[in-house]
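Okay, structure first, notes after.
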Amino acid sequence: MDAPRNSTSDNADIRVRLGADPVINLTGTLTTLGGISARPEAIEAAGEMMGRGVDIVELQACASRVIAEITGAEAGFIAACSSAGICMAVAGAMTGDRMAAIERLPDTAGLKGEVVIQTGHLVNYGHPVEQDIRLTGARVVPFGAVNAASQAQLAGAIGPGTAAALYVVSHHCAPDGQVPFADFARVCHAQGVPVIVDLAAEYDLTGYQRAGADITIHSAHKFLGGATAGVVAGRKALVRAAFMQNYGIGRPMKVGKEGIAAAIVALQAFVAEDRTVIRARLQAPLLRWRAALAGLPGIGAELDADPTGNPFDRLRVSVGPDAGCTAVDIVRALEIGTPSIRVRTHQIEHGSFVMDPRSLGAGEQERVADRLREAVAEARRTRREGEQYDVQEWKARRARALSRWPDGDAEAPH
Ligand SMILES: *Cc1c(COP(=O)(O)O)cnc(C)c1O
């Protein structure tokens, strides 16, 4: 395997000391790139807790009080991540606090074992969300079509075996024709079905609780800036049942004391922040990068409001037919350059990519501004030289690189 590109340059950087190439993460909060850069208070809390003994059940009760105060829910706990939180919430909805049932999962014999979800919410955020449900032994019962789901279909999907309903709030969800949350919750509650809401990347900590969610789940390592963890909040009996999965299927997805401590501190710091100051701070790099791209033929750059209404913008770079290269050529030049710069590519098929400022480290804003024009020039050169990067081919290269892991791959970063 080749030596890491920066192995001799910067021994103060832990990534370099461990043999990994530094990466500038402009995907925002993508878990596979380490999530968001944690806030200093959370880093300190995790470090301090690592060296101490503590009763985890008591620490989780402390977390419950903080989560209740901040979200308005009755109780809460910290899970290993949102994915784990979804699993544990679904499992708890099936077993309640019966230890025999908790220890028997994923065998659901004798339990209500179905979870309803609208088809437009069956997203892949790194893996399919339905797998979080199926891991518990529950059966996924989708209703509606990708672009058309109705309250009548939801009511029809609920039956005597329904343990819970899952509602996902995410830019990944189908944009049109979904049952809105208030209606979804009303139909479920009319039939006694609890509603679990996946809000992993959503800044709103209170609105869904007020609107009738029985359990909400947020990631601690996304917008909150904690260590890797998930924040579960909701009605006390359901939260307790989900928490008790730590003695069942939750064991292989346990959170450490450092993750709990960092999540509590991150929650408290997050709610104390002034949103408008942060918004302005996050906009500065976007304006800088937009200026760096100005005047390049065929390339447009515009501020893009967050699709689910979170309080920040991103920069969308659109690459037109007269640009002399494609969006994927530029993305490829950015990712194989030094340092590797990773952007959001959800809409790369439509000829655009998106730059998210939330995980920028010190000095990286300037580095990115410098690299942007270079990357466009490199992309044009590779295109002129006939090295084509079709979108599907680019995706296939990444899949092939993964199939060769842990061996390095010159073709594509992991
Ligand atoms: C990121 C994400 C998750 C998973 O969050 P983790 O905390 O990384 O497990 C689940 N659902 C949605 C919609 C997400 O965006």
Side-chain angles (χ1 to χ4, degrees), residues 25 27-38 42 46 63 67 71 76-91 115 117-136 140 146 164-175 178 181 184 195-205 207-208 213 215-234 242 245 249-250 252-256 258-260 262-264 266-267 270 306-310 312 314 342 344-347 354 356 358-359:
N25 175 14
T27 66
T29 61
L30 215 66
T31 306
T32 49
L33 285 172
I36 209 160
S37 308
I67 294 168
T71 64
F77 69 94
I78 305 299
C81 58
S82 287
S83 185
I86 296 167
C87 271
M88 293 169 86
V90 166
V115 176
I117 181 169
Q118 49 196 325
T119 302
H121 286 192
L122 288 173
V123 300
N124 182 316
Y125 58 73
H127 88 145
V129 70
E130 63 177 286
Q131 197 169 32
D132 295 334
I133 301 171
R134 287 194 292 112
L135 257 171
T136 65
V140 180
V146 171
L166 180 65
Y167 194 93
V168 181
V169 184
S170 168
H171 63 92
H172 293 307
C173 293
Q178 308 306 307
F181 181 73
F184 189 96
V195 179
I196 299 165
V197 192
D198 173 4
L199 293 159
E202 303 305 304
Y203 284 56
D204 184 353
L205 291 170
Y208 287 84
I215 286 203
T216 59
I217 297 148
H218 291 86
S219 292
H221 51 283
K222 292 186 174 177
F223 63 99
L224 287 172
T228 303
V231 179
V232 179
Q245 306 302 316
I249 62 157
M253 48 184 92
K254 69 179 148 305
V255 64
E258 68 285 358
I260 303 171
I264 295 173
L267 269 170
F270 174 81
D306 180 73
T308 58
N310 292 309
F312 66 94
R314 301 183 178 91
R342 312 291 181 84
R344 291 167 77 88
T345 55
H346 300 90
Q347 275 139 14
V354 169
D356 186 313
R358 291 177 294 158
S359 287

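First listed ligand is number 1; within each ligand, the first listed atom is number 1. When reading the values below, keep in mind they use all heavy atoms of this one structure, side chains included, and skip hydrogens, waters and symmetry mates.
Within the listing of ligand 1, atoms 13 (C) sit less than 4.0 angstrom from a heavy atom of S170. Residue S219 has at least one heavy-atom neighbour below 4.0 Å for each of these atoms of ligand 1: 5 (O), 6 (P), 7 (O). Counting atoms of ligand 1 from 1 in the listed order, those under 4.0 Å from a heavy atom of H221 are 6 (P), 7 (O), 8 (O).
The distance between the ring centers of H172 and H121 does not fall below 6.0 angstrom.
At a heavy-atom cutoff of 4.0 Å, ligand 1 is contacted by both the backbone and the side chain of S82.
At least one N or O atom of K222 sits closer than 3.5 Å to an N or O atom of ligand 1.
Taking the six-membered ring for Trp and thresholds of 30 and 60 degrees, F181 and Y208 have ring planes more than 60 degrees apart, a perpendicular arrangement. Between F312 and Y203, the two ring planes are tilted [angle within 30° to 60°].
Paired with S219 under the rule side chain to side chain contact (heavy atoms under 4.5 Å, CB included), one option of S83, C81, S82 passes, and it is S82.
Across every non-hydrogen atom of S170 and T308, the tightest pair is C-CG2, 3.6 Å.
The nearest non-hydrogen atom to atom 12 (C) of ligand 1, considering only T308, D198, V231, comes from D198.
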